[in-house]
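In what follows, every chain begins at residue 1, and chains take the letters A, B, ... in the order their sequences are listed.
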2 protein chains.
Amino acid sequence: MLREDVTDAIRGAVFEELAAVGFARMSIEGIARRAGVGKTAVYRRWKSKLHLVLDLVAAVAAQGMPAPATGSLYGDVRSVLELASYALRHPVASQVIPDLLVEAARNPEISDAIKAALLDQQQGVAAVVVRAAVERGELPEGSDPDRALDLIVGPLYWRLTVVRGDLPKGYLDDLAASAVRALKG
Amino acid sequence: MLREDVTDAIRGAVFEELAAVGFARMSIEGIARRAGVGKTAVYRRWKSKLHLVLDLVAAVAAQGMPAPATGSLYGDVRSVLELASYALRHPVASQVIPDLLVEAARNPEISDAIKAALLDQQQGVAAVVVRAAVERGELPEGSDPDRALDLIVGPLYWRLTVVRGDLPKGYLDDLAASAVRALKG
DNA sequence: TCACGACGGGACGGTTGCGTTGCGACGCAC
DNA sequence: GTGCGTCGCAACGCAACCGTCCCGTCGTGA
């Protein structure tokens, strides 16, 4: 029976290593070193660093992402932005997510995993939010949820992980209002 | 005197290598191999792969980025989106840019170079566009150009390099209109 | 008490890239 | 035609990591 504390230590080390050096530079030796574990313990559980990461991403995907239901489009959008900004400001996640997204452009397996763990989840949330807004009459029939997601999350992702600028007080409120204004049209 | 055709071959190989495997995995051996050149020829010109890439990025930065002046905010925004989508759909650039942006989060030198080559340029363009719109009375006094840039480029970057979705006909027109609507408020 | 299995650690041969060096070939200026 | 400098190429010793194997230790369940 594999020891669970060792498994957890390895998982944690993978996250840290992924954030510190990125997927491309990450090595199993480095993970084992960081986890204070023999390489054997890693290979006994996973075949390669790819499987390790796919496993982690799948675990994140399994958590699911809650869809807001505040009763207004603005409230829902603001809520989504709050959640997203929390994730993208986390020091580990803000390194790991963009890194894996870039890696996904070169590796279909990572691409599929990321898609299931993040993009599909987000698109699902967007679909729920848009449908609710349509039913309330806040958005016209046939509004495209994907386009809505672009307009809501795009600017935030750009600012936090591309420009790597700060998030001034009230920025999320502004952004939510802007997105709602953009969507209604 | 260093032969210029060799220098050009190396520069080209760096771009291709950067797109194919990314900065982290890129090796000087690989570059020389791809360029059909000895390692000596590379080391005679640059100290390391970092210097190689910094040099390339600086060359891009030197080109400059033209600011549109169509006479309307919508026209200017649409023009910026056209240029950006052209770059982000280029098969090499669409790999290299996100890769270097992620690398920039770990390496201050790359960060500075990218900032000068891309972000500062874009912020300059945004500043010009916003100022013109304010003078025309299309935007209120004191509109923030950075926020404008987030709203204009963010959704496009998100769609093209994160979701890696397609760009439906009319999407840029929609996006430009949405951005203008979001900005006025 | 005892056997089993996972543990950390270390060593293995093999691969890849590092940055440097020496070589003979080639091209160009003088 | 004679040098000089760059060229491609191959080799160098060094380092890191690969995936595997063997060891002695330790904890647990029968």
Whole-Å distance, A/K47 NZ to D/dG19 P, equals 11 Å
If you find the nucleotide of DNA chain D closest to B/E29 and the one closest to B/M1, which residue's nucleotide is nearer the 5' end? B/M1
Report the distance from atom CD1 of A/I31 to atom P of D/dG19, rounded to the nearest whole Å. 11 Å
Closer than 3.5 angstrom, by distance alone: can the side chain of B/D166 be matched with the main-chain N or O of B/P168 as a donor-acceptor pair? no
For the pair made of CG in B/D5 and P in C/dG27, what is the distance, rounded to whole Å? 12 Å
Does a side-chain N or O from B/R44 land closer than 4.0 Å to OP1 or OP2 of D/dC7, or not? yes
B/A41 has a side chain; which of C/dC7, D/dC7, C/dG19 sits nearest to it? D/dC7
Which whole-number value in Å describes the distance from B/E17 CD to C/dT16 C1'? 14 Å
Are A/R147 and B/S178 close enough that a side-chain donor and a side-chain acceptor fall under 3.5 Å? yes
Between CH2 of B/W46 and P of C/dC18 the distance, given in whole Å, is 15 Å
Tell me what A/G36 touches on the nucleic acid: a base, only sugar-phosphate, or nothing, going by heavy atoms under 4.0 Å. sugar-phosphate
Could you tell me how the ring of A/Y157 sits relative to the ring of B/Y157: parallel (under 30°), tilted (30 to 60°) or perpendicular (over 60°)? parallel
Quiz item: cation-pi between A/R159 and A/Y171, 6.0 Å / 45°: yes
Looking at B/R78 and B/E82, is there a salt bridge between them, counting it only when a charged N and a carboxylate O are closer than 4.0 Å? yes
Atom CD1 of A/I10 to atom C1' of C/dG8: distance rounded to whole Å? 12 Å
Any B/R3 side-chain nitrogen or oxygen under 4.0 Å from OP1 or OP2 of C/dC28: no
Using a heavy-atom cut-off of under 4.0 Å over every strand shown, decide if B/S48 touches base, sugar-phosphate, or nothing. nothing
In whole Å, what is the span from the CD atom of A/E4 to the P atom of C/dC7? 12 Å
Output the single nucleotide from D/dC9, C/dG10, D/dC7 whose closest atom is nearest the side chain of B/T40. D/dC9
Euclidean distance, atom CG of residue B/L2 to atom P of D/dC4 [Å, nearest integer]: 18 Å
Closest nucleotide among C/dG19, C/dC7, D/dC18 to the A/S27 side chain: D/dC18
Quick note, A/V6 side chain, CB onward, closest among C/dC7, D/dT6, C/dT20 is C/dC7
Comparing nearest nucleotides in DNA chain C, the 5'-proximal residue of the pair A/T7, B/K39 is A/T7
Using a cut-off of strictly less than 4.0 Å, decide whether A/R33 has a side-chain nitrogen or oxygen near OP1 or OP2 of C/dG8. no
